[in-house]
Number of protein chains: 2
Amino acid sequence: MPTHGRVTPDATDRGAKAQAEGFATVRQAHESEMAEDYVELIAELIELQGEARPVDIAERLGVKPPTVTKNISRLKDAGLVSRERYRAIFLTPAGQKLAEACRRRHRIVVAFLLSLGIDEDTAERDAEGIEHHVSENTLEAFERATSRFEKKC
Amino acid sequence: MPTHGRVTPDATDRGAKAQAEGFATVRQAHESEMAEDYVELIAELIELQGEARPVDIAERLGVKPPTVTKNISRLKDAGLVSRERYRAIFLTPAGQKLAEACRRRHRIVVAFLLSLGIDEDTAERDAEGIEHHVSENTLEAFERATSRFEKKC
DNA sequence: CACCTATGTTAGCCTTGTCTAACTTTTAGG
DNA sequence: CCTAAAAGTTAGACAAGGCTAACATAGGTG
């Protein structure tokens, strides 16, 4: 018997273990967020301007240039970007693949929020945070729901 | 005229400044995540077992006890919990208020995901990450959409 | 009531991601 | 082609949030 005032889990308690796994998932997502945000932005900049330079990345991320230098070198170690000192940044095949997945996810989340009637600024802002925590499962549900809403259902 | 191969922002570019603000918002959300997760869980444990003890918090968060000790002392500094050494943890009025807001948000996000046809485990998991990045605006849209779906619209 | 085990804390380390200050390289203009 | 400004890097600091190892306390039980 439990020592304290502990009771059998009731209906609202999905169990400590499941909950712990959920939090672990969130912590893991946080670890890949930096990489995802960078490659997504790099892909965007290459599309927009032909190349991604640290100064632009810093401006759009709202961080200072040294932060970008340090993080880019981490991405290089991770095999996501290729780059030589003082030159523009490019994505490796692995980086391109990740960027494409992130951009797809981002597009789906934004489109879904817009279909809910949320204004564009809010949709973009919230999507930036939400996208890293959406499972493939949920993403597909978003896609289905978006078209349902678009059909004025 | 821009120096490089830079072009006038096209339709898909919402501007560097807006984008930077979005990322700043996400970074700010990350700073309050720890506090929100803890107070939410503490409230849950108090409801479930009458008190919140570090060992249970650690188990449910999936972290080790020393991590809980350190973070609880941060929350105490922030005025969200009250507690004496070696005793159970309780929420201050400020902590209770925050916990209530978090639990409401959590409930809304979960209910919304469920209404989309997502299974319970996935809904709980994704909600854990998503809830910290949902603006009040979006939260209200979720509420509206949930009832729309429940009406089998 | 003394002690063993659970629980809790302290100390110290690590990684991530941010910053400022100072230095280096590139590059555009005269 | 030389030089100043813009861009990039390095060095070093710091806070957050994890961890392990070792120590401290509280409380139920023999």
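Convention: sequence-line order gives letters A, B, ...; per-chain numbering from 1.
Between the CG atom of B:L61 and the P atom of D:dG17 there is a distance of 11 Å, rounded to whole Å. Separating the CZ atom of B:R53 from the P atom of C:dT9 is a distance of 12 Å, rounded to the nearest angstrom. Here the P atom of nucleotide D:dC19 and the CG atom of B:N71 are 10 Å apart, to the nearest Å. Rounded to an integer number of Å, the gap from CD of A:E51 to C1' of D:dG8 is 13 Å. Counting to the nearest Å, the C1' atom of D:dG18 and the NE2 atom of A:H30 are 14 Å from each other. Per the geometry, CG belonging to B:D37 stands 14 Å off C1' belonging to D:dG18, to the nearest Å. Between the CD atom of A:E84 and the C1' atom of D:dT9 there is a distance of 15 Å, given to the nearest Å. Taking atom CD1 of A:I57 as the reference point, atom C1' of C:dG17 lies 15 Å away to the nearest angstrom.
Of the nucleotides present, D:dT9 is the one that pairs with C:dA22 by Watson-Crick or G-U wobble criteria, both distances under 3.5 Å. D:dC1 is paired with C:dG30 under the criterion used here, namely a Watson-Crick or G-U wobble arrangement in which both key atom distances are under 3.5 Å.
With distances taken from any side-chain atom of A:P66 to the nucleotides C:dC19, C:dG8, D:dG27, the minimum falls on C:dC19. Nearest to the side chain of A:V55, among D:dG18, C:dT7, D:dA7, sits D:dA7. Comparing atom distances between the A:T67 side chain and each of D:dG17, C:dT18, C:dT20 picks out C:dT18 as nearest. Of the candidate nucleotides D:dG17, C:dT9, D:dT20, C:dT9 has the atom nearest to the side chain of B:Y86. In this structure, the nucleotide among C:dT9, C:dG12, D:dT9 sitting nearest to the side chain of B:K70 is C:dG12. Checked against C:dT18, D:dG18, C:dT9, the side chain of A:Y38 finds its nearest nucleotide in C:dT18.
Between B:R87 and D:dG27, a side-chain N or O to OP1/OP2 separation shorter than 4.0 Å is present.
For C:dA6, the base is syn relative to its sugar; the glycosidic angle is within 90° of 0.
Applying the ring-ring contact (aromatic ring centres under 6.0 Å, His included) test to residues at least two apart or on different chains, none of the pairs has a partner in residues 39-75 of chain A. Applying the ring-ring contact (aromatic ring centres under 6.0 Å, His included) definition to pairs two or more places apart or across chains, those involving residues 120-148 of chain B are A:H133-B:H133, B:H30-B:H133, B:F112-B:F142.
Residues of residues 18-27 of chain A that place a heavy atom closer than 4.0 Å to DNA chain C do not occur.
The 5' end of DNA chain C is approached more closely, in terms of each residue's nearest nucleotide, by A:A35 than by the other of A:R85 and A:A35.
Checked options A:V81, A:L61, A:I89; the residue passing with A:Y38 is A:L61 (criterion: side chain to side chain contact (heavy atoms under 4.5 Å, CB included)). Looking at A:E44, A:E128, A:E59 one by one, the single match for side chain to side chain donor-acceptor pair (under 3.5 Å) with B:Q19 turns out to be A:E44.
Counting heavy atoms from C-beta on, the side chains of A:E51 and A:F90 come closer than 4.5 Å.
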For a quick test of your reading: what N or O donor-acceptor pairs under 3.5 Å do the side chains of residues 95-110 of chain A make, sequence neighbours left out?
{"unit_1": "A:Q96", "atom_1": "NE2", "unit_2": "A:L91", "atom_2": "O", "d": "3.4"}
{"unit_1": "A:R103", "atom_1": "NH1", "unit_2": "A:E47", "atom_2": "OE1", "d": "3.1"}
{"unit_1": "A:R104", "atom_1": "NH2", "unit_2": "A:E136", "atom_2": "OE2", "d": "3.2"}
{"unit_1": "A:R105", "atom_1": "NE", "unit_2": "A:E131", "atom_2": "O", "d": "3.0"}
{"unit_1": "A:R105", "atom_1": "NH2", "unit_2": "A:E36", "atom_2": "OE1", "d": "2.8"}
{"unit_1": "A:H106", "atom_1": "ND1", "unit_2": "A:E40", "atom_2": "OE2", "d": "3.4"}
{"unit_1": "A:H106", "atom_1": "ND1", "unit_2": "A:E131", "atom_2": "OE1", "d": "2.5"}
{"unit_1": "A:H106", "atom_1": "NE2", "unit_2": "A:E124", "atom_2": "OE1", "d": "3.0"}

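For the side-chain hydrogen bond (donor to acceptor under 3.5 Å, both in side chains) test, residues two or more places apart in sequence or in another chain that qualify with B:D119 are B:T122. Listed by chain and residue number, nothing satisfies the side-chain hydrogen bond (donor to acceptor under 3.5 Å, both in side chains) test with A:R83 (two or more places apart in sequence, or in another chain).
Nucleic acid contact class of A:R74 (heavy atoms, under 4.0 Å, all strands): base. Residue contacts for A:P65: at a heavy-atom cut-off of 4.0 Å it reaches a base atom on one of the strands shown.
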